[in-house]
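For reference, the structure is listed below as structure tokens.
Heavy atoms only: backbone and side chains are in, while hydrogens, waters and symmetry mates are out. A note on names: the letters A, B, ... follow the listed sequences, proteins ahead of strands, and every chain is numbered from 1. Every value quoted in this text rests on a predicted model; they were computed, and no experiment measured them.
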Protein chains: 2
Amino acid sequence: MAGRRDEILDAFVRSVARRGYERTNFADLASELGMSKGTIVHHFGTKDQLLRELQERYMRQRLEEAKRILAVTQSAADRVAALIYAGVFYQAYHRDEAVAFQREIVHLRDSPALEDARKMRREYSELVTAVVRDGMADGTFRPGDAALMALMFYGSVQWMWTWYEPDGRVAPEALAAQQVDLVMGGLMAGSAAPLDHPRLAKLVHGALGL
Amino acid sequence: MAGRRDEILDAFVRSVARRGYERTNFADLASELGMSKGTIVHHFGTKDQLLRELQERYMRQRLEEAKRILAVTQSAADRVAALIYAGVFYQAYHRDEAVAFQREIVHLRDSPALEDARKMRREYSELVTAVVRDGMADGTFRPGDAALMALMFYGSVQWMWTWYEPDGRVAPEALAAQQVDLVMGGLMAGSAAPLDHPRLAKLVHGALGL
DNA sequence: TACCCTTGACCGTACGTGCGGTCAGTAACT
DNA sequence: AGTTACTGACCGCACGTACGGTCAAGGGTA
């Protein structure tokens with residue numbers, strides 16, 4: 001029953017990943033699938049709707065994945081690490097979906113039609129933030145703004161799509177491991193001398209003439 | 001003599017930041033600037049050329065900024081920290097340019113016309129990578145793949161544009177400080193128990209049915 | 001000073017085309 | 001008979017860009 005509908009959505013995802021939303025058009029899609037333009041319209045109505053289903057499917061998958069991970073982990077450290085692993089694996093093993101979503105992420109901010117996807121996204125970040133907050137509360141993590149921390153370290157995974165090459169020399173597992181190490185332990189070796197932030201800020205302001 | 005040229009490019013940047021490249025059109029641009037569509041064509045020829053100048057100007061600025069920063073810092077730790085500060089400040093104080101560039105970053109990967117911008121980008125990442133490598137060599141940083149580390153922590157700054165709100169409650173300085181602390185010291189408090197990566201990888205694989 | 005000539009910024013319109021979406025109709029299944 | 005799947009011709013328009021011009025400024029020449 002899935003039949004053509006899913007086939008169309010998959011082709012759409014592939015095309016958005018490669019060419020972007022604006023450059024993706026019904027005619028190409030149809031000819032690639034050996035069907036008529038009308039068929040696509042029949043199943044989805046508008047291009048917006050296709051994008052909407054793309055985004056919702058993506059967020060649903062990522063959310064479900066996160067919940068499964070939380071179900072099999074306990075400590076905050078394990079959870080953060082496992083969430084990063086999952087993020088990296090998703091980029092590696094569902095490359096088209098990851099690229100398509102992240103490329104067109106702006107729509108998620110602007111379009112009113114994407115409220116559902118936006119809600120799932122909020123739920124996702126609250127979930128990650130909660131893990132970080134728990135870790136800070138029980139002393140595993142340094143204190144700080146949990147929501148900001150979550151956004152920041154998760155950002156580096158989200159940004160991966162711009163530089164990651166599936167057939168590169170680094171295996172996803174190794175990549176994820178380095179990513180986890182960076183987020184957990186940072187760059188510094190051993191006991192870090194605390195940084196003098198006011199000095200740094202002033203220095204950079206000066207250098208840039210701000 | 002520069003005349004309207006710069007004015008046009010600025011308006012283009014603003015429009016790309018808000019609406020994206022595809023949705024930016026000459027007619028809107030022209031009417032916003034109170035000039036004719038033909039004038040834009042006269043100065044730039046094609047839309048591609050406008051994008052090209054946008055990307056090149058951005059990369060030139062960032063590269064110059066990085067060089068200025070390296071000129072006033074010595075230690076690897078200071079350098080990494082200052083580069084992050086600069087990145088965050090750029091997002092905050094040159095918001096339109098940052099958003100416009102990052103939104104349309106795909107073109108940098110695909111378009112042959114953007115070779116110059118691509119070259120500058122490569123130069124930029126080699127520069128950051130070199131700083132990380134130096135820090136690893138002199139024992140300031142933990143050992144690891146310097147290029148990968150550079151990509152990862154820089155990614156979290158690049159991703160900022162998707163969530164940063166200029167009029168939010170967090171000042172750019174505070175934001176940069178947290179970002180630096182995360183990159184330098186990681187999430188973990190005190191002496192981190194080393195993570196069991198094979199166990200984590202297996203666990204995540206299992207949970208996701210990969 | 002008066003003349004002409006060149007240059008280049010700028011304008012307005014017209015054109016081609018790419019593309020999203022409509023619609024009337026056929027075929028197959030239930 | 002009703003419903004669902006699919007077709008392909010067609011429409012309308014948005015938009016990049018080509019093109020034929022206008023106009024003001026500057027500079028050389030007489």
Side-chain angles (χ1 to χ4, degrees), chain A residues 1-57 100-101 103-104 106-108 110-114 117, chain B residues 1-57 100-101 103-104 106-108 110-114 117:
Chain A
M1 179 184 24
R4 314 285 259 182
R5 218 188 120 89
D6 285 357
E7 217 178 310
I8 295 170
L9 187 52
D10 287 343
F12 180 74
V13 169
R14 232 174 304 132
S15 175
V16 171
R18 290 193 226 297
R19 296 191 278 275
Y21 177 71
E22 305 286 347
R23 289 195 145 81
T24 291
N25 64 304
F26 286 0
D28 287 354
L29 230 52
S31 88
E32 184 192 326
L33 292 168
M35 67 177 61
S36 132
K37 231 167 56 154
T39 304
I40 300 177
V41 176
H42 170 72
H43 283 293
F44 291 92
T46 67
K47 209 178 154 184
D48 279 10
Q49 181 62 18
L50 243 349
L51 181 64
R52 184 180 162 164
E53 301 209 13
L54 180 161
Q55 307 247 31
E56 287 180 2
R57 193 172 72 170
F101 177 83
R103 241 187 116 126
E104 303 299 335
V106 222
H107 298 281
L108 203 58
D110 303 340
S111 160
L114 293 174
Chain B
M1 190 181 341
R4 318 291 282 260
R5 220 189 120 89
D6 286 355
E7 219 179 309
I8 295 170
L9 187 51
D10 287 343
F12 180 74
V13 169
R14 233 176 301 130
S15 176
V16 170
R18 290 194 226 297
R19 295 191 280 275
Y21 176 72
E22 305 285 346
R23 288 195 146 81
T24 291
N25 62 304
F26 286 2
D28 287 354
L29 230 51
S31 90
E32 185 192 325
L33 293 169
M35 67 177 60
S36 143
K37 254 187 351 177
T39 306
I40 301 178
V41 176
H42 171 72
H43 284 291
F44 292 92
T46 67
K47 210 177 155 186
D48 278 9
Q49 181 62 19
L50 242 349
L51 181 64
R52 184 182 161 159
E53 302 210 12
L54 181 160
Q55 306 249 29
E56 287 178 5
R57 192 170 74 170
F101 177 84
R103 242 186 113 125
E104 303 299 336
V106 222
H107 298 280
L108 204 58
D110 302 339
S111 161
L114 293 174

(message) I need a per-nucleotide contact map over nucleotides 11-30 of chain C, read 5' to 3'. Cutoff is protein heavy atoms under 4.0 Å; write B for the base, S for backbone only, - otherwise.
(response) BB-B----SBBB--------
(message) The test is side chain to side chain contact (heavy atoms under 4.5 Å, CB included); show your working for B:Leu108 and B:Phe101 and say whether it passes.
(response) CA-CA 9 Å; B:Leu108 204 58; B:Phe101 177 84; 3.7 Å; yes
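Residues forming a side chain to side chain donor-acceptor pair (under 3.5 Å) with A:His42 (at least two apart in sequence, or on another chain): none. Residues satisfying the side chain to side chain donor-acceptor pair (under 3.5 Å) test with A:Glu53, not counting sequence neighbours, are A:Arg5, A:Gln49.
Counting 5' to 3', DNA chain D first comes under 4.0 angstrom of a heavy atom of chain A and last does so at the ends given by D:dA5 to D:dG8.
Rounded to whole Å, the distance from CZ on B:Arg5 to C1' on C:dA9 is 13 Å. Distance, B:Leu33 CG to C:dA9 P: 16 Å, rounded to whole Å.
The CD atom of A:Glu104 sits 12.0 Å away from the OG atom of A:Ser111 when rounded to the nearest 0.5 Å.
Side-chain contact between A:Leu50 and A:Phe26 is present, with heavy atoms from C-beta onward closer than 4.5 Å. Proximity of B:Ile40 to B:Lys47: side-chain heavy atoms (C-beta onward) are nowhere separated by under 4.5 Å.
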Under 3.5 Å, side-chain donor or acceptor atoms of residues 27-37 of chain A against the rest of the protein: list the pairs with distances, not counting sequence neighbours.
residue	atom	partner	partner atom	Å
A:Ser31	OG	A:Asp28	O	3.3
A:Glu32	OE2	A:Arg14	NH1	2.8
A:Ser36	OG	A:Gly38	N	2.9

Report, one line per pair, each donor and acceptor closer than 3.5 Å where one atom sits in a side chain of residues 16-23 of chain B; sequence neighbours left out.
residue	atom	partner	partner atom	Å
B:Arg19	NH2	B:Ser15	OG	3.0
B:Tyr21	OH	B:Asp48	N	3.4
B:Tyr21	OH	B:Asp48	OD1	2.9
B:Glu22	OE2	A:Arg23	NH1	2.3
B:Arg23	NH1	A:Glu22	OE2	2.4

